[in-house]
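To start, the structure itself, in structure tokens.
These values consider heavy atoms only, across backbone and side chains, with no hydrogens, waters or symmetry-generated copies. Throughout, protein chains are lettered first and strands after them, A, B, ... in sequence-line order, and every chain is numbered starting at 1.
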Number of protein chains: 2
Amino acid sequence: MNLKQLSHMLALSQTTVSRALNGYPEVNEETRRRVIDAAKRHGYRPNPSARRLATGKTGMIGYVLPTGTAVDIDPHFVEFLSGLGDYARSHELDLALSPADADDQETTYRRIVANRQVDAVYISSPKPADRRVALVNTLGIPFIVHGRSEGLDFDYPFTDIDNEGAFHEAARLLVQLGHRRLALINGDDRETFAIHRERGVRRALAASGLVLGEGHVCSLAMTEENGYRAARRLLEQSDAPTAIACSSLIMALGVVRAVRDLGLTIPGDLSLIAHDDVFAWLKPENFSVPLSTTRSSIRLAGARVAERLAARISGLEEGARGEVWPVDLVIRGSVAGAPG
Amino acid sequence: MNLKQLSHMLALSQTTVSRALNGYPEVNEETRRRVIDAAKRHGYRPNPSARRLATGKTGMIGYVLPTGTAVDIDPHFVEFLSGLGDYARSHELDLALSPADADDQETTYRRIVANRQVDAVYISSPKPADRRVALVNTLGIPFIVHGRSEGLDFDYPFTDIDNEGAFHEAARLLVQLGHRRLALINGDDRETFAIHRERGVRRALAASGLVLGEGHVCSLAMTEENGYRAARRLLEQSDAPTAIACSSLIMALGVVRAVRDLGLTIPGDLSLIAHDDVFAWLKPENFSVPLSTTRSSIRLAGARVAERLAARISGLEEGARGEVWPVDLVIRGSVAGAPG
DNA sequence: CGAAAAGACCAAAGCGCTTTGGAAGACTCT
DNA sequence: AGAGTCTTCCAAAGCGCTTTGGTCTTTTCG
């Protein structure tokens, strides 16, 4: 059933039927009713390929998926996707994932924009002076950055959490508890979120005349194994930290294992605070010693990004407003006063 | 730059240019060379919306993403996606995720097929007599099932791993080591993979005249917390198992925690084997006691599914061939002879 | 050498929608 | 009553590609 057939059986022109269905004003209300009714009864659904050729609108949100045999999409992505999908579903939006070589995503952004394959895109895991953000900005397609870049000479719309503030609070608490030697087990420090977190820790330490020692900061991909290695390295050195801030729950698993292997205890020998993106399958309160966290649902962020993208597509949102969400500091058993 | 303009500057018809570009035979080789050259030089790229309206081909693989506030996409998905994306990238395929109410995915399948939004779809986490598989089969769109359904009255193409065989081997090993009371901590037993695993364990036990006790099998969503709870429950009962087979590494984390909380040890008091889907961020060899596993890369499966979908789209593959991959049993420190 | 076959190209008709530029009739207003 | 304004609808022109059904040469071959 296509428009032509439908309009034939209604003895109306395609124009009128199309307008009736799309809510244009220049059509008699009774006619509209008839049309809508007939469309529903015959299960008419406009062909999206045709519509998209005619209008350029696709009803899709785009995302360039970095791939490569050495590239692992991290589990945060799926959580973000849950939120995004949840919103998208209720607004008849689909998601187009375009896999791209992780080292050359720009080509793919160019392609999907030039081809009008999507109405909007989002960018995640931005780095400082992120070229994707710059590119997408000049291409003129609606977009939202999940996270922030830095050092770009223009403003852009983003949704981020207050990583610096979160880790500032965490470190401040540890300092207040008497800790003098803090360490940070961070994610990849080429990404902005990691830089912000480190900045937060340093700022908190500086406020008490302390510094984050040269060997007291690690930046690694957020795996259990890397958490373990980093913790071993930190805890076996002569000026081992008495408290660690950790960028991920998964890394924290490794930290806990290292502490145990070394015959130490939490929080007796080491206080630990980790960032929790709120996974359904791994909860900080269930660690053998319940883990204190800086907590922010990445899933909610996904829903929010989808919401803003939808608003931008329909012209309800404009401009370069960035929003920064506060992060909760949740205290549990893994922190205590400094030993000794 | 569109086809019209390009053909104008070449003083050729659109027909000829189109044919030259798409490799049809009825065009002079020199003309073809000229056309291809000009197209490249002017950066001509056929508009996919137009092409798809004309041909019905979209260059996209579809997936219906179950969503809902109570639904958590599990982290396996992202690993599968890595493999799928990796293959798709090298074959110019994009992936269309259509979010749907988890309880009514059929409507969405119907929509994306009726609208010709994708060239093929895949289905994951199939249940017995899975309605999605039946639907997609009748809709006549190329598809591959990742996993298997059961009890359908037709054959269909799938790629699965030998879940039954894997857990059979695992249980057999444990029995050989003298264990008489085994338990199974399984995933959601409405899904086929879980049923197959249980079947494997039962078969191995039966071969030695043993049975999987009533209270010795748990079926739960695969979270750390559920692993913990299940293990507590199992180990605190009077006829506690001396060995556990576990369906996921994430659940195994919980099992290990429970064992520790109860003051028991692995493998002294309990032998443990878990299924490993091969995550980059959590490795069984790094558990405090290295974990024995049944191992199968879900990422490779993603790549394989993409490959088969591509073959089906281009007509290279037909029929209902199902393939079942063998699973490695990897022995590490977490298994030992039965205590006592 | 003439008919048939093959080679190289083109005009135009789709694909199924949206949107432009009217047009016909009904209404308002002076 | 005539001019202007709404209201309601339509024919036709896109959107940019593929594909059908030819045409006009050139080659092949009995």
Side-chain angles (χ1 to χ4, degrees), chain A residues 1-36 38-39 42-60 92 111-119 313-315, chain B residues 1-36 38-39 42-60 92 111-119 313-315:
Chain A
M1 169 67 53
N2 59 22
L3 187 61
K4 195 181 207 170
Q5 295 164 20
L6 183 64
S7 52
H8 246 105
M9 53 179 31
L10 280 165
L12 285 171
S13 73
Q14 296 191 34
T15 311
T16 303
V17 176
S18 171
R19 297 206 137 132
L21 259 23
N22 293 322
Y24 282 70
E26 54 270 85
V27 52
N28 186 304
E29 274 311 316
E30 201 210 298
T31 311
R32 188 195 302 279
R33 205 170 304 281
R34 258 180 62 221
V35 170
I36 289 176
H42 293 84
Y44 168 74
R45 282 205 148 276
N47 177 320
S49 299
R51 168 175 278 171
R52 99 193 240 172
L53 177 59
T55 64
K57 293 285 174 193
T58 63
M60 292 196 144
E92 307 243 302
R111 188 196 87 210
I112 64 178
V113 171
N115 289 347
R116 308 189 165 286
Q117 292 187 155
V118 295
D119 295 339
I313 290 172
S314 58
Chain B
M1 168 67 54
N2 59 21
L3 187 61
K4 196 180 207 173
Q5 295 166 18
L6 184 63
S7 51
H8 246 105
M9 53 181 29
L10 281 164
L12 286 169
S13 72
Q14 295 190 37
T15 310
T16 304
V17 175
S18 172
R19 299 206 134 133
L21 257 25
N22 293 322
Y24 282 71
E26 56 269 85
V27 51
N28 187 302
E29 274 311 317
E30 202 211 298
T31 311
R32 188 193 302 279
R33 204 170 301 283
R34 258 178 65 220
V35 170
I36 290 176
H42 293 84
Y44 168 74
R45 280 203 149 276
N47 177 320
S49 299
R51 166 175 280 170
R52 102 192 236 172
L53 177 58
T55 64
K57 293 284 173 194
T58 63
M60 290 196 145
E92 308 242 303
R111 188 195 88 209
I112 64 177
V113 171
N115 288 346
R116 307 190 166 284
Q117 292 186 155
V118 296
D119 295 338
I313 291 171
S314 59

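- Note: CG (A:Asn28) to C1' (D:dC10) measures 15 Å, nearest angstrom.
- Residue B:Glu92 qualifies as open at atom CD: its count of foreign heavy atoms under 6.0 Å is 12 or below.
- The minimum heavy-atom distance linking B:Ala20 with B:Val27 is given by the pair CA-CG1, 4.0 Å.
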At under 4.0 Å between heavy atoms, how does the protein contact nucleotides 11-17 of chain C? Give one character per nucleotide, 5' to 3', with B, S or -. BB-BBBB

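- Note on B:Tyr24: a side-chain N or O is less than 4.0 Å away from OP1 or OP2 of D:dT19.
- The side-chain hydrogen bond (donor to acceptor under 3.5 Å, both in side chains) check on B:Asn47 picks up nothing, with sequence neighbours excluded.
- Residue contacts shown for A:Ala11 are limited to sugar-phosphate atoms, with no base heavy atom under 4.0 Å away.
- The number of heavy-atom neighbours closer than 6.0 Å to NE2 of A:His8, taken from other residues, nucleotides and ligands shown, is 12 or below.
- Per the geometry, CD belonging to B:Glu26 stands 19 Å off P belonging to C:dA5, to the nearest Å.
- The OG1 atom of A:Thr55 sits 10.0 Å away from atom CZ of A:Arg116, with the distance rounded to the nearest 0.5 Å.
- In this structure, A:Glu30 places its CD atom 14 Å from C1' of D:dC9, rounding to the nearest Å.
- Across the helix from C:dC1-D:dG30 to C:dT30-D:dA1, the helix axis at one end is tilted relative to the axis at the other end by 50° (nearest 10 degrees, each axis from five pairs).
- The heavy-atom pair separating B:Arg51 from B:Asn22 by the smallest distance is NH2-OD1, 3.3 Å.
- Ionic pairing of B:Glu29 and B:Arg32 is present here: one or more N-O contacts between side-chain nitrogen and carboxylate oxygen are shorter than 4.0 angstrom.
- Taking every heavy atom of both residues into account, A:Leu3 and A:Gln14 meet most closely at CD2-OE1, 3.7 Å.
- Regarding A:His8, its NE2 atom lies at a distance of 13 Å from the C1' atom of D:dA11, rounded to whole Å.
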